[in-house]
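Single-structure report; data block below.
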Amino acid sequence: NPDVTPDAGGSTGGTEKGGTLTILNAASDINFDPAKSQNLAITTLGLVLRRLTTWEVQPGKAAQVVPDLATDTGKTTDGGKTWTFTLKDGLKYADGAAITAADVKYGIERSFAPELSGGLGYHKSLLVGGAEYKGPYSGADLASVETPDAKTIVFHLKTAYGDWPWIASMPAFTPVPKAKDDPKKYSQNPVASGPYQVESYQQGVSVKLSRNPNWDTTTDQVRTAGPDNIVFQLGQDTTVQSQRLIADSGDDRSAFGAGFVAPAQLAQIEQNASAKQRLVTSDAGALSYLAINTQRGPLKDVKVRQAIEYAVDKRAYQVASGGAIGGDLASTLITPGIAGRVDYNLYPADPSGDVAKAKQLLTEAGQSSLKLTLLSENDQPSLAKSQAIQQGLQRAGITVTIKPVDEEAWTAEVSGDKGDYDLTVASWQPDFPSANGNIQPLFASSEIGGGGYNSARYSQPEVDALIEQATAETDPAKAQALWAQADKRILQDAPVVPLTYTKNSFLHGSKVQNFFVPAFPAYPNYLKVSLKQG
Amino acid sequence: MSADTHLAPPAPSRPPSQARSTGARHLWRRLAADRWALAGAGGVAFFLVVAVAAPLLSAIAGQDPYTYDLDALSDSGTPKGFGGGISAEHWFGVEPMTGRDLFAIVVHGARTSILVGAGATAVSVLLGVVVGLTAGFYGGWYDRVVTRIIDVLLGFPYLIFVIALGAIVPTSLPKSLLLVGVLAVFGWPSIARVIRGQTLELKRRTFVLASTALGAGGWHVLVRQLLPNLTATIIVYSTIMIPSMIGAEAALSFLGVGVPPPTPAWGRSIGDAIGWVQTDPMFLVFPGGALFLATLAFNLLGDGLRDAFDPKTRGLRR
Amino acid sequence: MKLLRLVSGRLLSMIVTLLVISLITYVVFVLLPSDPAQLSCGRPCTPERLADARAFMGYDQPWVQQYLAFLGGIFTGRTFGSGAAAVHCAAPCFGYSFQLNESVTHLILERIPVTFSIAIGAAMLWLIIGVGTGVISAVRRGTAIDRAAMTFSTIGVSAPSYLVGLLGILLFGFTLDMVPVNGYVPLTEDPVGWLWHLVLPWCVLALISAAVYARLTRGQMLDVLGEDYIRTARAKGLRERRVVGRHALRNVLIPVVTVFGIDLGSLLGGAVITERVFSMPGLGALLLDAVGNVDLPLIIGVTLFSAFLIILANFLVDLVYSVLDPRVAR
Amino acid sequence: MTVSPTEPRLTKATRSPLLAVAGLAVKFEVDGDTHTAVRDASFALHRGQVLALVGESGSGKSVTAMAALGLLPATARVSGSITLAGTELIGAEPSLLRDVRGGQIGTIFQEPMTALNPVFTIGDQVAEAIRAHRPVTHSAANARVLELLATVGLDDPARVARSYPHELSGGQLQRAMIAMAISCDPLLLIADEPTTALDVTVQAGILDLLRDLRTRLDMAVLLITHDMGVVADVADDVVVLRDGQIVEQALAAQLFAAPRHEYTRALLHAVPTLPELRLDEPEPATPPAHEPRPLDNAAATTPVVLLRNVVVDYPGRRRGRPVRAVDDVSLHIDQGELVALVGESGSGKSTLGRALAGLVPVTAGTVTVAGIEVGNASRRELRAFRSQLGIVFQDPASSLNPRRTVGASIAEPLSLHTDLRGDAQRRRVDELLDAVELPSRLRDRHPYEMSGGQRQRVAIARAIALNPALLIADEPTSALDVSVQARILELLRSLQSQFGFSCLFISHDLAVVEQLADRVAVLHRGRVVEEGPANDVLRAPRHPYTSRLLAAAPVADPAQQALRRAAWRQLTSASS
Ligand SMILES: Nc1ncnc2c1ncn2[C@@H]1O[C@H](COP(=O)(O)OP(=O)(O)OP(=O)(O)O)[C@@H](O)[C@H]1O
Ligand SMILES: Nc1ncnc2c1ncn2[C@@H]1O[C@H](COP(=O)(O)OP(=O)(O)OP(=O)(O)O)[C@@H](O)[C@H]1O
Ligand SMILES: [Mg+2]
Ligand SMILES: [Mg+2]
Ligand code: NI
């Protein structure tokens with residue numbers, strides 16, 4: 001194929017153009033509405049929709065925030081309270097219309113509409129007036145987003161926020177032309193600004209993307225746009241997916257699975273040389289942890305929680321998540337791959353725990369026969385992990401009852417106000433690669449209940465103050481030091497047991513190239529995948 | 001002949017003695033003559049013994065179904081060695097990802113599964129037969145109400161109900177009982193419908209009329225006249241139901257109403273093992289084989305019972 | 001005339017039954033711990049936004065009111081939200097799925113062909129195979145054929161459908177490469193492809209259910225074959241095939257038809273697991289998604305629809321009954 | 001064997017026989033025991049000949065016939081030889097048997113009510129028999145069905161063809177069965193008690209039909225019957241069976257004239273006789289006596305049973321009109337009185353009996369039994385009344401639960417209304433079995449394992465178990481040979497004198513009625529056309545139908561029967 005353009009990064013070889021890439025998806029629906037999407041910058045939506053900034057993710061390198069529609073990643077003049085972005089020249093939608101700053105503003109505004117809730121909404125509480133704003137459909141506009149001219153957009157924040165450039169990479173920062181906005185249909189038929197547009201959308205069956213004729217490669221440094229067409233096959237059973245990819249025949253050679261390969265299949269792939277070659281495992285990324293409900297009975301006692309830190313059998317947990325390929329043992333809250341992480345271990349023990357120590361701590365706390373409930377999601381992998389925890393604690397005389405509930409109920413319990421559980425196993429991948437994303441959502445007291453993810457229901461004024469201070473810090477180095485300090489401080493209270501830094505494995509067909517999975521985010525970078533031609 | 005001496009008025013009653021024993025003995029003799037049925041009965045007895053003696057059996061093997069043995073696993077969580085880790089220590093090998101002893105799991109699983117499978121089946125069949133019989137026999141508004149209830153239950157989003165239930169019931173409730181209850185509630189309508197349909201036909205037979213004409217009350221007619229003619233349906237239906245109840249037990253376990261892990265249950269083991277069917281087939285073979293054999297045993301026994309109850313096959317050798 | 005009265009009577013009670021089912025579903029849903037508003041609140045979620053989302057979807061109302069609104073919508077249609085983003089759902093409106101941005105009626109109608117293709121084909125197949133096996137087993141009772149068929153059906157009875165589906169895919173889809181592994185092709189677009197994609201799901205469903213029917217048929221058949229009228233049929237010099245296939249089978253079918261009605265009815269409401277394994281976008285898959293997304297309108301819609309089918313099937317069974325068995329006819 | 005080789009034979013005997021039975025033995029396995037039903041039976045049947053197989057109930061008549069067709073249940077072991085026109089039938093190929101059955105041998109089964117498939121119409125089932133052996137079109141078959149049904153004397157062939165078995169009376173079913181059996185003009189007709197459910201007028205017609213078929217088609221008939229009158233009427237040869245063994249084999253005329261075996265003599269002796277028939281014109285009909293008889297000795301007892309203007313309609317199927325089975329009947333039965341109900345087949349006798357027991361709802365009128373109005377009785381009243389009621393259904397086979405032993409069936413009323421249990425109950429059951437001439441070893445059998453007559457006696461035993469105050473007996477002796485019948489009748493009589501029960505006795509056997517009944521009511525097309533003391537009605541019938549009925553009754557004497565036949569012919573032609 002003559003149409004080979006050398007890739008800027010170069011580390012994964014050139015990008016061949018052409019072919020139809022198939023992405024196998026377990027979900028039965030893809031929501032292309034930027035206001036409602038929680039997509040990462042480098043996955044599905046990134047193929048169709050551009051934002052102010054985006055992520056440059058390369059194998060072996062930490063994720064970087066880079067300009068997308070904007071010429072840079074935003075400028076601030078007042079220490080992070082006001083951010084200004086300028087759009088590049090010659091940007092067009094698929095229909096040929098020009099992309100304007102007003103469209104970006106409109107896109108942000110509509111993300112405030114209750115009709116379109118559901119997306120990533122970090123900006124909603126940061127922007128001035130955001131808390132009260134109810135979207136553009138009632139006629140009002142959001143004054144804190146200014147568009148002095150067609151190319152410039154200015155954000156006024158309530159407080160200084162150093163990670164705003166990351167926020168600007170979220171789906172809500174996609175331009176939406178007001179004239180084309182039909183909130184009912186936008187999720188299936190968005191106005192494309194990226195290299196692909198939605199050609200056909202069949203709910204539950206497939207989504208076909210084809211090239212956007214008006215996308216200009218020169219304005220875009222992150223998307224390589226290799227395949228001519230991309231087809232998402234929806235509602236695919238994960239086991240069948242894996243088998244198709246292992247078999248690697250026909251069109252499946254140009255396919256990859258969007259979901260993790262399950263441990264059972266990992267073992268199978270181990271034994272299959274061809275498939276093993278096509279398995280891509282991320283570096284250790286998201287944190288999986290055991291949350292201890294700090295507001296419940298004996299668990300209020302820090303000694304008891306520390307006993308649990310020692311009693312947990314991390315090795316069994318690791319095996320339950322697929323062994324070494326499933327993740328590395330964890331001891332900190334900030335995950336590898338996040339700038340400023342400091343490695344330490346407050347509760348040093350053998351990988352399978354220190355039962356004697358745990359028992360001793362329990363005796364000190366006066367707890368001889370502890371009975372706890374562990375809330376677990378009811379899918380097989382989650383239950384396997386929960387059982388590994390249960391088994392570990394049992395050794396120290398802690399009787400754990402597993403309460404399996406479905407995923408939605410789990411979310412509701414964990415992020416709801418009641419908090420009717422003692423323990424739960426969770427895993428957290430921040431929405432943007434900053435220690436802030438590691439710590440704040442999980443440990444700030446403001447995140448207890450009401451939809452927040454502080455599943456340990458941990459409330460420590462000292463930590464809250466640290467978080468506030470670190471969030472406002474615009475100097476990356478200083479901020480990172482503060483986050484590392486918070487990390488350690490939190491673990492002293494033992495609200496969670498860090499279990500593993502998980503690794504996600506993905507399988508792709510033999511024709512798929514430039515397929516890699518970084519530590520953050522531990523997902524394949526859709527934007528650079530291409531197909532071998534000929 | 002002299003009728004008057006023979007036909008004295010009924011003598012005063014005597015306490016009931018072994019009146020029914022001959023019937024039972026006949027049944028048993030016929031059953032014993034059928035070697036397939038005997039095999040089935042043997043199988044059922046075997047599994048019952050296994051279920052009762054599970055702790056003993058696993059103790060003999062020196063194992064229990066809860067202890068992890070990570071040393072028996074390779075780094076990726078698959079059992080080391082041949083046939084899913086079969087060894088002198090682990091007779092059936094070990095469970096992938098945990099290293100728990102599969103023999104102990106299967107043996108202990110028999111408790112849950114047979115209790116739940118047979119229990120839920122028994123309750124649903126009992127309920128279904130009683131409701132179906134009475135509805136078909138009495139008809140009228142009662143039948144209409146019952147039919148509607150059956151329709152509601154059959155058309156009911158059982159999945160959602162169970163999810164809700166799983167979240168509502170306190171963890172302290174004995175889960176096996178809950179499970180039996182849930183399975184029975186959703187299991188009886190179909191058998192009730194079948195029985196009702198057959199009752200509608202049977203109740204118009206002359207022998208039922210004859211019994212009514214003798215002054216038999218509804219209950220007597222139901223139990224003594226109709227029920228014996230429904231045994232084939234009931235037995236066949238029950239034996240089919242047991243394995244599906246064990247399967248449903250697995251599904252419900254996932255939804256949070258089943259016996260929570262790590263309590264072993266065949267249904268859940270089979271569910272877990274499906275994903276491993278290519279990597280560690282023995283993980284499926286042992287619990288799956290146990291379920292198959294138990295099902296086979298119940299079915300053979302069922303077929304045998306069916307035949308033993310069927311007077312027309314008396315004396316037939318097989 | 002009589003039939004008309006029968007049908008209209010049943011229709012009325014059918015509506016009542018559906019109302020009861022929808023009501024219970026609503027109540028159960030209220031008990032459900034998951035919060036649909038929370039799911040569509042986004043991340044991070046603040047209490048205010050949660051309240052907004054809840055209000056938009058109408059979940060802030062007491063459930064009785066929600067239920068009444070739902071009932072009203074069936075006759076008058078409904079409008080959600082207001083202004084430019086308002087969503088209108090025309091009568092008869094069985095709700096609107098906020099997750100999928102589509103009216104429930106539309107979603108269900110779209111999925112019907114898939115599920116019906118699976119269900120009807122499979123049902124035909126299993127009825128034929130199951131009843132056939134049962135009949136042969138009964139006629140050849142005690143022989144090796146009987147034993148083999150019954151042992152085989154034990155496998156069918158005790159195997160989970162997911163397992164059978166998966167093994168089917170592995171064997172016929174990959175190892176033998178005979179049929180496509182998954183997906184659905186509309187009949188109208190490509191009849192051959194349609195057939196080809198459905199063969200495996202049909203077989204899987206058929207294998208499992210046929211086993212049940214085989215056992216049921218065998219049991220009934222053994223009963224019926226001992227009746228006097230079978231002797232009469234033989235005395236007429238009828239071929240054994242006709243004696244069994246007509247005189248006996250007709251009497252055997254009565255209970256079988258009942259079970260068939262129930263099974264077909266619930267299968268038409270969605271073959272959840274099979275649709276999942278074979279990635280068929282049918283009603284079962286839709287219901288599974290709806291449950292996963294706590295999408296109440298969709299749950300109610302699909303539930304009501306499949307309940308309707310089950311009740312309809314039961315009604316038809318009752319009609320077939322009176323045709324099959326004149327003694328039961330009223 | 002009592003048959004000597006030098007037995008005189010008909011001239012036809014020189015031809016080779018159509019059906020030859022030699023050394024036939026049939027054994028049944030019952031719960032591991034072996035029971036011999038037929039042993040070493042040999043006889044031959046030629047074309048155009050009617051061979052009557054007579055004998056005690058349970059002596060193996062039906063079993064012998066079924067053996068020829070290969071239709072015995074799987075528990076039976078058959079040995080010996082049965083040849084049809086030289087072809088061996090025992091152990092024959094299925095295809096051969098299939099040809100033989102229906103095509104060469106037509107069969108009338110003993111119990112028509114269970115022998116027809118409940119889910120197909122009569123028309124269907126008869127047409128099927130035709131189409132199994134004749135390549136005819138549907139419509140041709142259907143036309144032939146109507147013709148056949150008319151031939152067997154059914155009034156409304158179209159309705160019968162459309163009906164399902166449960167919608168017909170016993171006699172109608174039996175005739176449908178006969179129509180089916182003769183539909184393919186078989187070489188041999190096996191007729192197992194073909195007229196048990198038929199009133200004598202119809203019976204006479206059927207016997208005529210058989211004779212006609214014999215002469216026209218040179219058909220052979222193996223006639224199994226307990227009615228010596230019928231034997232006298234049509235049989236050429238007679239084989240007498242007892243306890244599975246042939247005790248005598250003779251020409252009919254010979255047999256009646258000079259029975260050789262002691263059992264045969266006893267059999268003939270037991271035949272009840274009718275009074276001499278007065279062949280003069282019936283007296284001018286006076287309206288039937290509806291008003292109750294003046295009571296003898298002022299025992300101002302109200303009648304036990306009082307029917308007032310009873311109408312019973314059966315709802316029609318789908319679009320059809322309802323069938324009026326009983327039309328404005330008023331009748332009473334006094335304490336200790338035995339009222340016989342006679343009448344044409346399908347005239348509503350059984351329906352009336354059922355209405356009396358409250359088993360079919362009456363459309364109009366009232367049924368009062370022992371002061372209780374059956375239609376409005378509460379459940380408790382109904383139960384109380386039924387504990388005083390014994391009922392024998394017309395069709396014993398279907399009135400016994402196939403899944404229960406006959407012992408259990410007989411014990412049922414005992415369990416229901418007495419507190420007799422266990423051994424005492426079993427003893428009582430044995431007594432009852434003995435009373436109806438059944439050995440007590442049959443107690444643990446199922447109805448299926450018994451002969452027709454045995455089942456009927458079980459039904460009788462059940463009905464009298466409680467010494468009921470009212471007995472409804474619907475053709476209770478139809479399947480019994482005369483010797484057993486005589487004993488059953490005697491039993492009834494002695495019970496009645498002992499306990500004084502009232503009885504509605506439905507029968508087509510006028511001789512029996514004559515013996516037993518105090519009063520007779522004649523039912524015709526649902527209406528009582530004549531009613532009065534038995535002696536009056538049977539000796540001096542006032543209604544032409546009654547006269548015809550009397551004339552049609554066969555007597556067990558070939559010579560006399562020939563006379564009667566002629567008289568009957570004359571009567572029927574006169575009235576038509
Ligand atoms: N269930 C039914 N539905 C419709 N018609 C019926 C039904 N049962 C009986 N009949 C009809 O009612 C009439 C009277 O029947 P019934 O059985 O009382 O006659 P019967 O006098 O007992 O005759 P038989 O001597 O032949 O037994 C017959 O014409 C019969 O066809
Ligand atoms: N299936 C069977 N199993 C066991 N015994 C049977 C079976 N069928 C018939 N018998 C017995 O065989 C004997 C002959 O029965 P068969 O039916 O031939 O009598 P029958 O002469 O026709 O009497 P009836 O005049 O009462 O009909 C009876 O004693 C009966 O109990
Ligand atoms: Mg007989
Ligand atoms: Mg009658
Ligand atoms: Ni005596």
Side-chain angles (χ1 to χ4, degrees), chain A residues 27-29 31 33 36 38 110-111 113-122 124-125 131-132 134-139 181 183-188 202-205 233-237 239-240 243-244 246-247 249 405-413 415-416 431 441 447 450-453, chain C residues 32-50 52-57 80-87 98-102 107 110-111 114 162 165-166 169-170 173-174 177 181-184 275-282 285-286 288-289 291-294:
Chain A
S28 63
D29 184 53
N31 196 322
D33 192 318
K36 299 187 82 167
Q38 297 191 0
R110 65 196 287 285
S111 74
E115 292 88 342
L116 297 176
S117 60
L120 288 174
Y122 290 90
K124 293 184 195 173
S125 43
E132 298 78 41
K134 297 267 191 282
Y137 301 117
S138 45
D181 180 23
K184 275 160 287 183
K185 291 281 161 268
Y186 209 78
S187 61
Q188 300 189 1
Q202 247 187 303
Q203 207 273 320
V205 183
Q233 289 189 3
L234 303 178
Q236 302 287 314
D237 180 70
T239 311
V240 178
Q243 297 309 326
R244 281 173 66 178
I246 292 170
S249 66
V405 295
D406 77 312
E407 192 188 337
E408 315 313 325
W410 183 86
T411 313
E413 288 262 359
S415 63
D431 288 314
E447 301 300 313
Y453 283 86
Chain C
L32 219 59
S34 11
D35 179 356
Q38 167 137 34
L39 271 167
S40 63
C41 176
R43 199 167 61 228
C45 176
T46 62
E48 300 79 51
R49 302 239 163 255
L50 195 63
D52 282 349
R54 193 168 284 142
F56 169 64
M57 295 195 280
F80 300 90
S82 57
V87 171
F98 298 104
Q99 306 287 333
L100 303 176
N101 286 320
E102 198 66 80
L107 283 167
E110 210 175 53
R111 301 295 186 107
V114 183
Y162 186 87
L166 194 65
I169 290 180
L170 289 177
F174 293 119
D177 200 12
V181 281
N182 59 6
Y184 172 79
E275 284 174 16
R276 181 76 214 180
V277 187
F278 292 98
S279 304
M280 298 265 175
L286 190 65
L288 205 63
D289 287 342
V291 172
N293 293 331
V294 207

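Lettering of chains follows the sequences in order, A, B, ..., and the numbering in each one begins at 1. Hydrogens, waters and symmetry mates play no part in the numbers below; they use all other heavy atoms, side chains included. Since the structure is predicted, the reported quantities are computational estimates derived from the model, not experimental observations.
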task: Could you look at A:Asp431 and say if it's the side chain, the backbone, both or neither that has a heavy atom under 4.5 Å from chain C?
output: side chain

- request: For the pair C:Arg49 and A:Lys124, evaluate side-chain contact (heavy atoms from CB on, under 4.5 Å) and give the outcome as yes or no after the intermediate values.
  value: CA-CA 10 Å; C:Arg49 302 239 163 255; A:Lys124 293 184 195 173; 3.4 Å; yes

query: chain C heavy atoms under 4.5 Å from A:Glu132: which part of the residue, side chain, backbone, both or neither?
result: neither

message: So for A:Arg110, is it side chain, backbone, both, or neither that comes closer than 4.5 Å to the heavy atoms of chain C?
response: neither

message: If I compare all heavy atoms of A:Gln203 with all of C:Leu100, which pair ends up nearest, and what's the gap?
response: NE2-CD2, 3.3 Å

message: Has C:Ser279 got a side-chain atom pairing as donor or acceptor with A:Gly235's backbone, closer than 3.5 angstrom?
response: yes

message: Looking at every non-hydrogen atom in both residues, tell me the closest pair between C:Phe56 and A:Glu115 and how far apart they are.
response: CE1-CG, 3.2 Å

statement: The interface call for A:Ala131 against chain C, heavy-atom contacts under 4.5 Å, is backbone

- line: What one should report as the nearest heavy-atom pair of A:Val240 and C:Leu166 is CG2-CD1, 3.9 Å

task: Against chain C, label A:Gln38 side chain, backbone, both or neither, depending on which of its atoms sit under 4.5 Å from a heavy atom there.
output: side chain

message: If I measure from the heavy atoms of chain C, does A:Tyr186 come under 4.5 Å with its side chain, its backbone, both, or neither?
response: neither

field: A:Ser415 versus chain C, the contacting section by heavy-atom distance below 4.5 Å
entry: both

message: Between C:Asp52 and A:Lys134, is the side-chain contact (heavy atoms from CB on, under 4.5 Å) condition met? List the steps.
response: CA-CA 9 Å; C:Asp52 282 349; A:Lys134 297 267 191 282; 3.2 Å; yes

- prompt: Most heavy-atom pairs under 4.5 angstrom with chain A, which of C:Cys41, C:Pro47, C:Ala285, C:Pro36?
  reply: C:Cys41

- prompt: Is chain A contacted by the side chain of C:Phe98, its backbone, both, or neither, given a heavy-atom distance below 4.5 Å?
  reply: backbone

- request: With a 4.5 angstrom heavy-atom cut-off, could you sort out which part of A:Ser28 is near chain C: side chain, backbone, both or neither?
  value: both

message: Heavy-atom cut-off 4.5 Å, strictly under: side chain, backbone, both or neither for C:Leu107 against chain A?
response: side chain

message: Measuring from atom CZ of C:Arg54 to atom OG of A:Ser117, what distance do you get when rounded to the nearest 0.5 angstrom?
response: 11.0 Å

Close side-chain approach of C:Asp289 and A:Asp29, heavy atoms under 4.5 Å: no

task: Starting from the C-alpha separation in whole Å, work towards a yes-or-no answer on side-chain contact (heavy atoms from CB on, under 4.5 Å) for A:Lys185 and C:Glu102.
output: CA-CA 9 Å; A:Lys185 291 281 161 268; C:Glu102 198 66 80; 4.1 Å; yes

- line: Greatest number of non-hydrogen atom pairs under 4.5 angstrom with chain C, of A:Pro114, A:Ser249, A:Gly139, falls to A:Pro114

message: Can you tell me which of A:Gly135, A:Ala247, A:Gly118 forms the most heavy-atom pairs within a distance under 4.5 Å of chain C?
response: A:Gly118

